[in-house]
Number of protein chains: 2
Amino acid sequence: MKLNTKSRYAVMALADMAIFSDKKAVSLRDISLRQGISLLYLEQIFLRLKKNKIVNSVRGINGGYTFVKSPKELKISDILLALDQKVKTIGCKKDSKKSCNGKSTKCITHNFWDELDLHINSFFENKRLSDLLKNKEVRL
Amino acid sequence: MKLNTKSRYAVMALADMAIFSDKKAVSLRDISLRQGISLLYLEQIFLRLKKNKIVNSVRGINGGYTFVKSPKELKISDILLALDQKVKTIGCKKDSKKSCNGKSTKCITHNFWDELDLHINSFFENKRLSDLLKNKEVRL
DNA sequence: CAAAAACTTGACTATTTTGGTCGGGTATAT
DNA sequence: ATATACCCGACCAAAATAGTCAAGTTTTTG
Ligand code: FES
Ligand code: FES
């Protein structure tokens, strides 16, 4: 069970943005340099963040990205959702009658995985982006 | 973020074993038939469970597998550990000084992932195999 | 206006991981 | 003996991951 880099980078990049959000817009080039993430990869990630209304873009020479919601309101679960990174621990389709092994009743572990799912997602639901920045001095 | 089938099958197979643990040893063939998991795949999984002292094997014609610890004592975390399925949410090496992006200080999201890690693992630590079987009627 | 900075978008790809299978064993109860 | 069941390493196809590339468009500033 592993988190992929896309989600990790997304959270990292947005946290970086939050730190430097005094500026009007934060450019991907700056984030890339500060956080050591490939610019091209960031572009791909922010495309999705934009489509999912996590950020706004400002084009042109002093452009970059700004937050739609403030970091204080932005839930981590929103970010993960934007990247299709919902946690998926059950083997069956959520609303299907079929079980993960093709039988007609839910398997003996179904409820357990479901519980796990809830446990993890509630963590993401209750964390805001601003929570990550507490006790953090700003680094250049 | 997804759980792999190996862990899911392992938990499922062991839960099946727990249900039928009145028998001396439970054969993989039986588990395979009851749970719809490939026999060959189960063999691979139980090899690791055995190496990690989750189960004992009994060879020969009425052979199969038995529990080392009883399902009441067996933690889910033990099972996942046996399959190298520790949850890994941080991008850096746990004890390395290096950060996930190659810099010398831990990245701004490091603490967050670490916290997540703890949150998930405590779930597995606090669940016993026998907990999965509550409110479950035995199915053939 | 021209040029540079920065976002936009779809397609493409190498590598790794996953989810198994195969084949050829060995041990043991009947 | 022989059937049943565990043992174990090697192998493999398909999917996912982690990025890259190319070819734009938009806006600011000199
Ligand atoms: S996980 Fe839902 S039926 Fe097995
Ligand atoms: S996750 Fe540990 S340094 Fe980034």
Side-chain angles (χ1 to χ4, degrees), chain A residues 1-13 17 20 23-33 35-66 68 80 83-89 91 100-102, chain B residues 1-10 12-13 17 20 23-33 35-66 68 80 83-86 88-89 91 100-102:
Chain A
M1 192 151 129
K2 219 178 74 188
L3 209 63
N4 61 12
T5 55
K6 239 170 214 152
S7 327
R8 283 201 297 108
Y9 286 172
V11 174
M12 203 186 297
M17 258 182 76
F20 293 90
K23 290 182 189 169
K24 273 286 176 287
V26 182
S27 75
L28 293 188
R29 208 179 68 93
D30 288 353
I31 297 177
S32 167
L33 290 173
Q35 301 301 327
I37 305 169
S38 146
L39 176 61
L40 291 153
Y41 205 22
L42 276 177
E43 287 183 349
Q44 201 186 105
I45 291 167
F46 273 73
L47 193 66
R48 315 211 55 171
L49 292 177
K50 186 191 170 164
K51 273 190 181 144
N52 286 277
K53 311 248 186 296
I54 308 290
V55 294
N56 288 318
S57 66
V58 181
R59 302 186 87 159
I61 200 158
N62 278 321
Y65 289 92
T66 57
V68 171
L80 298 187
L83 296 169
D84 282 336
Q85 290 303 323
K86 12 180 181 276
V87 176
K88 196 193 155 221
T89 54
C100 56
N101 48 22
Chain B
M1 191 151 131
K2 219 177 74 186
L3 209 61
N4 61 11
T5 55
K6 240 168 214 153
S7 329
R8 283 201 298 107
Y9 286 171
M12 203 186 297
M17 256 182 78
F20 293 90
K23 290 181 189 168
K24 272 286 175 287
V26 182
S27 76
L28 294 187
R29 208 180 68 92
D30 288 352
I31 298 176
S32 167
L33 289 173
Q35 301 301 328
I37 305 169
S38 146
L39 175 60
L40 291 155
Y41 205 22
L42 275 178
E43 285 185 351
Q44 200 185 107
I45 291 168
F46 272 74
L47 195 65
R48 315 211 56 171
L49 292 178
K50 187 191 169 164
K51 272 189 183 144
N52 287 278
K53 311 250 187 292
I54 308 290
V55 293
N56 288 319
S57 65
V58 181
R59 302 185 88 159
I61 199 158
N62 279 322
Y65 289 93
T66 56
V68 172
L80 299 187
L83 296 169
D84 283 337
Q85 290 304 323
K86 13 182 181 272
K88 196 192 155 221
T89 54
C100 57
N101 48 23

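So you know, we letter chains A, B, ... as the sequences are listed, proteins then strands, and number each from 1. What you are looking at is a predicted structure, and each value in this text was computed from that prediction instead of being measured. Atoms considered below: every heavy atom in the structure, side chains included; atoms not considered: hydrogens, waters and symmetry mates.
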Participant: Listed by chain and number, what are the side-chain contact (heavy atoms from CB on, under 4.5 Å) partners of Asn62(B), not counting sequence neighbours?
Facilitator: none
Participant: For dA6(C), does OP1 or OP2 lie under 4.0 Å from any side-chain N or O of Arg29(A)?
Facilitator: yes
Participant: Please say which of Thr66(B), Leu49(B), Val26(B) ends up in a side chain to side chain contact (heavy atoms under 4.5 Å, CB included) with Val55(B).
Facilitator: Leu49(B)
Participant: Is the shortest heavy-atom distance from the side chain of Leu33(B) to the side chain of Arg29(B) under 4.5 Å?
Facilitator: yes
Participant: Among the candidates dG19(C), dT8(C), dA27(C), find the nucleotide nearest to the side-chain atoms of Arg59(B).
Facilitator: dA27(C)
Participant: Would a distance-only check, ignoring hydrogens and angles, find a side-chain to backbone donor-acceptor pair under 3.5 Å from Asn4(A) to Ser7(A)?
Facilitator: yes
Participant: Give the rounded distance in Å between these two atoms: CD of Glu43(A) and P of dG10(C).
Facilitator: 13 Å
Participant: I need the Tyr65(B) OH to Ile31(B) CD1 distance, nearest 0.5 Å.
Facilitator: 9.0 Å
Participant: Tell me the bend of the helix from dC1(C)-dG30(D) to dT30(C)-dA1(D) as the angle between end helix axes, each from five pairs, rounded to the nearest 10 degrees.
Facilitator: 10°
Participant: I need the CG-P distance between Asn56(B) and dA27(C), as an integer number of Å.
Facilitator: 17 Å
Participant: Look at the side chain of Asn62(B) and decide which nucleotide, out of dA27(C), dC7(C), dA29(C), has an atom nearest to it.
Facilitator: dA29(C)
Participant: Determine, stepwise, if the pair Phe20(B) / Asp30(B) fulfils side-chain contact (heavy atoms from CB on, under 4.5 Å).
Facilitator: CA-CA 10 Å; Phe20(B) 293 90; Asp30(B) 288 352; over 6 Å; no
Participant: Just how far is it from atom CG of Leu83(A) to atom NZ of Lys51(A), taken to the nearest 0.5 Å?
Facilitator: 12.0 Å
Participant: Between Leu42(A) (CG) and dA5(C) (P), how many Å, whole number?
Facilitator: 18 Å
Participant: So which one's nearest nucleotide on DNA chain D is more toward 5', Ser27(B) or Thr5(A)?
Facilitator: Ser27(B)
Participant: For Lys2(B) and dT16(C), give me the distance from atom NZ to atom C1', rounded to whole Å.
Facilitator: 14 Å
Participant: For the backbone of Ile37(A) and the side chain of Ser32(A), can you confirm whether one donor and one acceptor N or O come within less than 3.5 Å of each other?
Facilitator: yes
Participant: Looking at Lys6(B), does any N or O in its side chain come under 4.0 Å of the phosphate oxygens OP1/OP2 on dT18(C)?
Facilitator: no
Participant: Using whole Å, report how far CG of Leu83(B) lies from P of dT18(C).
Facilitator: 12 Å
Participant: Please round to the nearest 0.5 Å and tell me the distance separating atom CZ of Arg8(A) and atom OG1 of Thr89(B).
Facilitator: 9.0 Å
Participant: Starting from P on dT8(C), measure out to CG on Leu49(A) and report it in whole angstrom.
Facilitator: 11 Å
Participant: On DNA chain D, reading 5' to 3', which nucleotide is the first and which the last to sit with an atom under 4.0 Å from a heavy atom of chain A, could you check?
Facilitator: dA18(D) to dT29(D)
Participant: Starting at the 5' end of DNA chain C and moving along, which residue's nearest nucleotide shows up first, Gln44(A) or Gly60(B)?
Facilitator: Gln44(A)
Participant: Is the ring pair Tyr9(B)/Tyr41(B) parallel, tilted or perpendicular, if the boundaries are 30 and 60 degrees?
Facilitator: perpendicular
Participant: To the nearest Å, give me how far apart CD1 (Ile37(B)) and P (dT21(C)) are.
Facilitator: 12 Å
Participant: Contact class for Tyr65(A) vs. all strands (heavy atom < 4.0 Å): base, sugar-phosphate, or nothing?
Facilitator: sugar-phosphate
Participant: Using whole Å, report how far CG of Leu39(B) lies from P of dT21(C).
Facilitator: 9 Å
